[in-house]
Amino acid sequence: MWLAGMAVNSTSQLFKSLLVTSELIDGQNRGRLASSSLYDICTRVHDCILKSGMDQNPYVANKLMRVYIRCGKVQDARHVFDKLVKKNVFNWTTMIGGYAEHGRPADAIEVYNQMRQEGGRPNEVTYLSILKACACPVGLKWGKEIHAHISHGGFRSDVPVQTALVNMYAKSGSIKDARLVFDEMAERNVITWNVMIGGLAQHGFGQEAFSLFLQMQEEGFVPDSTTYLSILTATACSSAGALGWVKEVHRHAVKAGFDSDMRVCNALVHVYSKSGSVDDARLVFEGMLDRDVISWSAMIGGLAQNGCGHEAFSLFLKMQREGVIPNVTTYCVMYSRGMQ
DNA sequence: CTAGGGTTAG
């Protein structure tokens, strides 16, 4: 690690290295630097920041919080946040977003409420962050309150915020409310459609998801890979009669060139098995140029569950010959059924 | 200058 070995002795140098490092992690170099060494740099920079009294600078504090959160050290970020006497909207939003990223809705809502009590004005980004935190079953009761704040706060026509609301309702189990918000939106974008389609599919409403999939195209929106990944979920496709519209979605995917997208193909393999057509699953699988552990596991699972135990096992051997290492899921699907 | 809505495998 070039940064770890670098001679860093002044505060500004350290801070600069922290910024560079966090950008490295953010960008295409993600994963190259171990988060443990980033955390190490981060704590050293933190020391210098404290010594120089810069910890009360909202910009500096925010950068520091972001990097701590990126290392998975939300508690450290919270410490920086709590020490900050004057917090701006970025600090509040970063803290809420940090909890959202780490699936801690109660903590996120605590900070959000504290913000409101202290007279802080949430903006659209703050709402995106808090809604993300509440996008889970326990978050519904808080999500409804935030919905009211958003309606009163003048964010009724903000497409990202309204989309985040649709997502929050869908993920927290209230698909009817998700649909209500969606239907009332005057303006939408592809993400809005993807969220609604994915929500319906996740709740088992495959037919409804499919009709929205058609409707979005009638309205001039072009489905992207996320649209396909969202609609092709097992719950939506395992219901009776799903095979028909799944094939239709498949045809669209091929026409749009997504038959070369590994993730889309993985979803197709999985979903064809679930809707009862191992033959179609096999066809997609065999046509794939690249296959990862998910592709292999999906195909093996499909075979095992459809009474083709021997073929599943020989595929399990083949994947390893091709250098793909099985993981827990691979073993789970292999021994789930049909392997005797 | 800083925070950011959606995404595939028991």
task = Tell me which nucleotide among B:dT7, B:dG5, B:dA3 gets nearest to the side chain of A:Lys63.
result = B:dA3
ask   = Got a donor-acceptor contact below 3.5 angstrom from the A:Thr330 side chain to the A:Asn327 backbone?
value = yes
task = Grab the OH-C1' distance between A:Tyr127 and B:dG6 for me, whole Å please.
result = 22 Å
key: Centroid-centroid distance, A:Tyr112 to A:Trp92, less than 6.0 Å   = no
task = Would you mind classifying the nucleic acid contact of A:Asn91 as base, sugar-phosphate or nothing, using non-hydrogen atoms under 4.0 angstrom?
result = nothing
ask   = Tell me: CZ of A:Phe316 to P of B:dG10, nearest whole Å?
value = 16 Å
ask   = Out of B:dA9, B:dG5, B:dT7, which has the shortest distance to the side chain of A:Arg263?
value = B:dT7
Euclidean distance, atom CG of residue A:Asn62 to atom C1' of B:dC1 [Å, nearest integer] = 11 Å
request  = Starting at atom CG of A:Asp290, determine the distance to atom P of B:dT8, rounded to an integer number of angstrom.
outcome  = 20 Å
key: Check ion pair A:Asp76-A:Lys73 (N to O, under 4.0 angstrom)   = no
inquiry  = Distance check needed: B:dG5 P versus A:His147 NE2, whole Å only.
reply    = 19 Å
ask   = Would you call A:Tyr59 stacked on B:dT2, i.e. ring centres under 5.5 Å apart with the planes less than 30° off parallel?
value = no
query = Salt-bridged, A:Glu208 to A:Arg179, with N to O below 4.0 Å?
reply = no
Between B:dG10 (C1') and A:Asn327 (CG): distance, integer Å = 11 Å
query = Which whole-number value in Å describes the distance from A:Phe213 CZ to B:dG6 C1'?
reply = 16 Å
query = Any Lys/Arg nitrogen of A:Asp55 or A:Lys83 sitting under 4.0 Å from an Asp/Glu carboxylate oxygen of the other?
reply = no
message = Any donor-acceptor pair, under 3.5 Å, between the side chain of A:Arg66 and the base of B:dT2, if you only look at N and O atoms?
response = no
inquiry  = Does anything in residues 158-178 of chain A come within less than 4.0 Å of DNA chain B? Heavy atoms only, and list the residues if so.
reply    = A:Val159, A:Pro160, A:Thr163, A:Asn167, A:Lys171
task = Give the nucleotide from the list B:dA9, B:dG4, B:dT7 with an atom nearest to the side chain of A:Thr329.
result = B:dA9
task = For A:Tyr228 and B:dG6, give me the distance from atom OH to atom P, rounded to whole Å.
result = 21 Å
query = So, is A:Lys132 near the phosphate of B:dG5, with a side-chain N or O under 4.0 Å from OP1 or OP2?
reply = yes
inquiry  = What contact category does A:Val195 fall into here, base, sugar-phosphate, or nothing, at under 4.0 angstrom with non-hydrogen atoms?
reply    = sugar-phosphate
ask   = Under 4.0 angstrom, heavy atoms only, what part of the nucleic acid is A:Thr94 near: base, sugar-phosphate, or nothing?
value = sugar-phosphate
ask   = Cut-off 3.5 Å, side chains only: do A:Tyr68 and A:His46 have a donor facing an acceptor?
value = yes
query = Between A:Phe258 and A:Tyr228, how do the two ring planes meet: parallel, tilted or perpendicular, split at 30° and 60°?
reply = tilted
request  = Could you work out which one of B:dA3, B:dT8, B:dG5 sits closest to the side chain of A:Phe90?
outcome  = B:dA3
task = May I ask you to check whether A:Phe285 and A:Trp296 place their ring centers less than 6.0 Å from one another?
result = yes
task = Please determine if a side-chain N or O atom of A:His270 lies less than 4.0 Å away from the OP1 or OP2 oxygen of B:dT8.
result = no
inquiry  = From C-beta outward on A:Val89, which listed nucleotide comes closest to its side chain: B:dG4, B:dG10, B:dA3?
reply    = B:dA3
